[in-house]
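Read through the structure below, which is laid out as structure tokens, and then see the notes.
In listed order, ligands and their atoms are each counted from 1. Here, residue 1 is the first one in the sequence, and each next residue gets the next number. As the structure is a prediction and not an experimental result, all values here were calculated from the model.
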Amino acid sequence: MTIQERNILSSNMASAPGKIILFGEHAVVYGVPSIAVPLSDLRVKVNWAITKSGNLNIIAEDLENKEISLKPNMSDINNPFARIVQQILDYYDATIPSGYIKITSDIPIASGLGSGAAVSTAIGRAIAQMLGYNISNDDLNSFVFEVEKIHHGTPSGIDNTVIVYEKAIKFKKNHPIEPLSISKPFNILIADTGIPAPTHEAVGDVKDLYENNTDNIQNIFDDIESIVNSATEAIKIGNLVKVGKLMIQSHKLLQALTVSSRELDILVETAIQSGALGAKLSGGGRGGNMIALVPQTKIEAVKHQLLSAGAKRVLLTTVK
Ligand code: PMV
């Protein structure tokens, strides 16, 4: 037994999933509904332990080897790790426990798969457990949303909501969450361009476009809104051909918002040419991931073509 292990008073673990946005990214910031699903196989996991004495060390080797040591009366509330911890301590009127939180993550960072919100969610659950509480999703969601502001500036709240509740949702800013009704499970291939995509930059550029050309951009948001509503119906009745067509239309509108890129367009085109029912970028865009709706019999062929066309990694998820 190591010295550290001998000092442990209690320990446990917590986790949170990644996510993909199926429809409505960017427009969701302006009040349009959007659809997102959790990626339960792709997770952030944290192991925590309370020790007899010392600081609270948060160690995240998968996230560019980040490590921070939090002391009582910490001041760095612009650090996302410190911010989630501080909010939970304030909520329970507690002082910082001694111990550590070790984070491991399967979710690539800055790729539109919700890494930031998943890390905050898992740390939030862990710190509440360390204090002896099982925090409610409603409370945790509002705290993770605050941390999202550090990552994204003006987040809509979709990432934290789908990740904290770990449910397929139709989300509209400042409205109660609507669960998404799915009659027929469907397969989505997620292809990574390998290009980091800082969401706040794309969101900032869309804001400039909106301010300089409000009528045109509002028309695009209106079109996205009708796509999201049609997609909700198509998913509900299992009309996957329709869902695929709506994805293709969505991608064109996202191109008009300037948030696609050559690499994303190539992957979208490749997926459609090799048998996907539809494909689009997912999340902030510019880089990050593309998603394709693929019939069971075409999965291997589409995956192969995506890798040949330059995808750095292709994952499969079943939405159900
Ligand atoms: O975190 P990302 O890259 O999946 O982007 C979130 C979706 C946006 O609509 C682009 C931003 C937001 O806050 O909703």
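A donor atom on one side chain and an acceptor atom on the other are found under 3.5 Å apart for Asp139 and Ser136. Side-chain contact annotation: Ser120 with Arg83, donor-acceptor N/O pair under 3.5 Å absent.
Nearest protein heavy-atom contact of atom 9 (O) of ligand 1 is His26 N, 2.8 Å. Atom 7 (C) of ligand 1 has Ile21 CD1, 3.5 Å as its closest protein atom, hydrogens excluded (heavy atom only). The protein non-hydrogen atom at the shortest distance from atom 13 (O) of ligand 1 is Ser156 N, 2.8 Å. Atom 1 (O) of ligand 1 has as its closest protein heavy atom Asp159 OD2, 2.7 Å.
Put simply, the side chain of Leu254 reaches to within 4.5 Å of the side chain of Lys280, judged on heavy atoms. Taking the side chain as every heavy atom from C-beta outward, Lys303 and Leu306 never approach each other to under 4.5 Å.
With sequence neighbours left out, the side-chain contact (heavy atoms from CB on, under 4.5 Å) criterion links Phe145 to Lys149, Pro155, Asn160.
Taking every non-hydrogen atom of Val28 and a distance limit under 4.0 Å, the qualifying atoms of ligand 1 come out as 9 (O), 14 (O). With ligand atoms numbered from 1 in the order given, ligand 1 contributes 13 (O) to contacts under 4.0 Å with heavy atoms of Pro155. Taking every heavy atom of Ile158 and a limit of under 4.0 angstrom, the matching atoms of ligand 1 come to 14 (O). Remark: ligand 1 atoms within the under-4.0 Å shell around heavy atoms of Glu25 are 9 (O). Here is the list of ligand 1 atoms found below 4.0 Å of a heavy atom in His152: 1 (O).
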Practice problem: Apply side chain to side chain donor-acceptor pair (under 3.5 Å) to the pair Asp265 and His251, showing each step before the final yes or no. | Solution: CA-CA 9 Å; Asp265 292 346; His251 187 71; 2.8 Å; yes
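Contacts classified as salt bridge (charged side-chain N to carboxylate O under 4.0 Å, His left out) and involving residues 161-189 (residues at least two apart or in different chains) are given here: Arg43-Glu166.
Note: an N/O pair closer than 3.5 Å links Gly284 and ligand 1 by distance alone.
Contact annotation for Leu113 and ligand 1: no heavy atom of the residue comes within less than 4.0 Å of the ligand.
Under a 4.0 angstrom heavy-atom cut-off, Lys19 registers as being in contact with ligand 1.
You'll find the ring centres of Phe221 and Tyr210 inside the 6.0 Å limit.
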